[in-house]
Number of protein chains: 2
Amino acid sequence: MTDDRTMTIREMCDAFDVTPRTLRFYEAKELLFPIREGQKRLFTKRDRARLKLILRGKRFGFSLEEIRQLLDLYHMGDQQQTQLARTYEIAQQRLSDMEAQRDELTQAIDELKEQMRWGEKMLASMDQTKKAAE
Amino acid sequence: MTDDRTMTIREMCDAFDVTPRTLRFYEAKELLFPIREGQKRLFTKRDRARLKLILRGKRFGFSLEEIRQLLDLYHMGDQQQTQLARTYEIAQQRLSDMEAQRDELTQAIDELKEQMRWGEKMLASMDQTKKAAE
DNA sequence: CGTATGAGTTACGTCAACGTAAATTCCCAT
DNA sequence: ATGGGAATTTACGTTGACGTAACTCATACG
């Protein structure tokens, strides 16, 4: 039993730096499943784990729908055996996409660095010009 | 002189697999500057180079506005000395963002791979179960 | 008991990056 | 001359991921 206490929407917002609107939106899209104590939402440890993954997924440019797929894979404790193979394929595809993207990104970084060495030289020569003008 | 012949919008679309709408949109957003022969647009080698960079930028999840900034850096032959330093900063920021993203991506790939080994085991055990059932 | 505070619902607004449809306009071959 | 194919302009439509009112409901507090 680590820390299974539930959190209010405000605590979640503060903890993850998101708005209430966002959390309700994610619930509507079935990315989160806070329990309903009467009127209020209570976010469990599971919701926190999922939100963490959602936010990371977003930083990689995944759509919420894609993230939902991955979350289903992550949190598939059992059953859905039929779906599993299919989801597994999706994950494989996603994985190779990600690797390709990483490689392109690496290349782009190198190119951009190269381009910036350019800028350095220009700035340096500008500096010279400026000094000469004084 | 390599290949400086201009291209029509259709040739561009075929060459880069984009729609005319996209090219006109990019022109409106000042990402491309085809010359206007009367009514028609004629795309130069410069436009082709820029479009190539635009499409690559998009694959990295940059917005068109961000791409426009980077293109300005790329194609800044001279002048705009004042702006250069600022744009240089933007590029630096962008670069560190990209590196951070690459690192996160690398980590996520590893985690996803790990998760998938999970799936493999599940599939394997399911296979056993299936065989046993025959 | 009144009210201020926080959560909730409903529903319209927004921004990016185009898609799509309608109405010209231009060029050319029959 | 004319009909057919491109290309153009204008402008409204679309999708994703929320933002932003407007209004209601519940409750803790002085």
Side-chain angles (χ1 to χ4, degrees), chain A residues 5-44 47-48 50-72 90 94 97-98 101, chain B residues 5-44 47-48 50-72 90 94 97-98 101:
Chain A
R5 149 187 122 282
T6 80
M7 291 173 66
T8 74
I9 203 171
R10 186 101 299 279
E11 289 172 329
M12 288 291 280
C13 292
D14 294 347
F16 292 93
D17 192 35
V18 294
T19 71
R21 176 66 172 107
T22 299
L23 295 178
R24 298 193 192 106
F25 185 77
Y26 290 169
E27 182 187 6
K29 292 282 171 171
E30 305 197 284
L31 289 164
L32 297 177
F33 307 95
I35 54 185
R36 284 314 195 62
E37 175 130 340
Q39 176 82 303
K40 317 244 161 154
R41 291 167 172 83
L42 291 180
F43 296 83
T44 69
D47 292 311
R48 292 195 288 278
R50 292 177 72 97
L51 182 53
K52 209 164 171 182
L53 292 173
I54 292 169
L55 296 180
R56 193 170 64 193
K58 290 211 61 187
R59 287 200 300 279
F60 303 151
F62 293 108
S63 73
L64 290 184
E65 176 53 27
E66 289 172 326
I67 291 173
R68 206 180 53 71
Q69 308 257 343
L70 289 177
L71 281 177
D72 288 351
I90 294 177
R94 212 5 88 206
D97 284 357
M98 286 167 70
Q101 184 177 346
Chain B
R5 149 188 121 280
T6 82
M7 292 173 66
T8 74
I9 202 170
R10 186 101 298 282
E11 290 172 327
M12 286 292 281
C13 292
D14 294 347
F16 291 93
D17 193 36
V18 295
T19 71
R21 176 67 172 108
T22 300
L23 294 179
R24 297 193 192 105
F25 185 77
Y26 289 169
E27 182 187 5
K29 292 281 172 171
E30 305 197 284
L31 289 163
L32 298 178
F33 308 95
I35 54 184
R36 285 313 197 60
E37 176 130 341
Q39 176 81 304
K40 317 243 163 154
R41 292 168 173 82
L42 291 180
F43 296 85
T44 69
D47 291 313
R48 291 195 289 280
R50 293 177 71 97
L51 181 52
K52 210 165 174 180
L53 293 173
I54 291 168
L55 297 179
R56 194 171 62 193
K58 290 209 62 186
R59 287 200 301 279
F60 303 152
F62 293 109
S63 73
L64 290 186
E65 177 53 26
E66 289 171 327
I67 291 174
R68 205 179 54 70
Q69 308 257 344
L70 289 177
L71 281 177
D72 288 350
I90 293 176
R94 206 15 78 209
D97 284 357
M98 286 168 69
Q101 183 176 348

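Here is the naming used below: chain letters follow the sequence lines, and residue numbers restart at 1 for every chain. These values consider heavy atoms only, across backbone and side chains, with no hydrogens, waters or symmetry-generated copies.
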Got a list of protein N/O to nucleotides 21-29 of chain D N/O distances below 3.5 Å?
none

Atom-pair distance ([atom1] on [X]; [atom2] on [N]), nearest Å:
X     : N      : atom1 : atom2 : value
B:R41 : C:dT25 : CZ    : P     : 16 Å
A:E37 : C:dG6  : CD    : C1'   : 16 Å
A:E30 : D:dA17 : CD    : P     : 15 Å
A:E27 : D:dC18 : CD    : P     : 15 Å

Okay, side chain of B:D14, backbone of B:E11: is any donor-acceptor separation there less than 3.5 Å?
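Looks like no, no N/O pair under 3.5 Å.
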
For the side chain of A:R21 and the base of D:dT20, is some donor closer than 3.5 Å to an acceptor across the two?
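Looking at the base of D:dT20, it does pair with a donor or acceptor on the side chain of A:R21 (distance under 3.5 Å).
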
Have a look at A:R24 and say if it touches a base, only the backbone sugar-phosphate, or nothing, with a 4.0 Å heavy-atom cut-off.
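It contacts base atoms.
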
Residue [X], side-chain heavy atoms: nucleotide from [options] that is nearest:
X     : options               : result
A:F25 : C:dC18, C:dT9, D:dC18 : D:dC18
B:K58 : C:dG8, C:dC18, D:dG19 : C:dC18
A:R36 : C:dA17, C:dT9, D:dT8  : C:dT9

side-chain N/O B:Y26 vs C:dC18 OP1/OP2, d < 4.0 Å
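Checking C:dC18 against B:Y26, a side-chain N or O does come within under 4.0 Å of OP1 or OP2.
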
Can you tell whether the side chains of A:E27 and A:R24 come within less than 4.0 Å, N to carboxylate O?
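Salt bridge flag = no for A:R24 with A:E27.
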
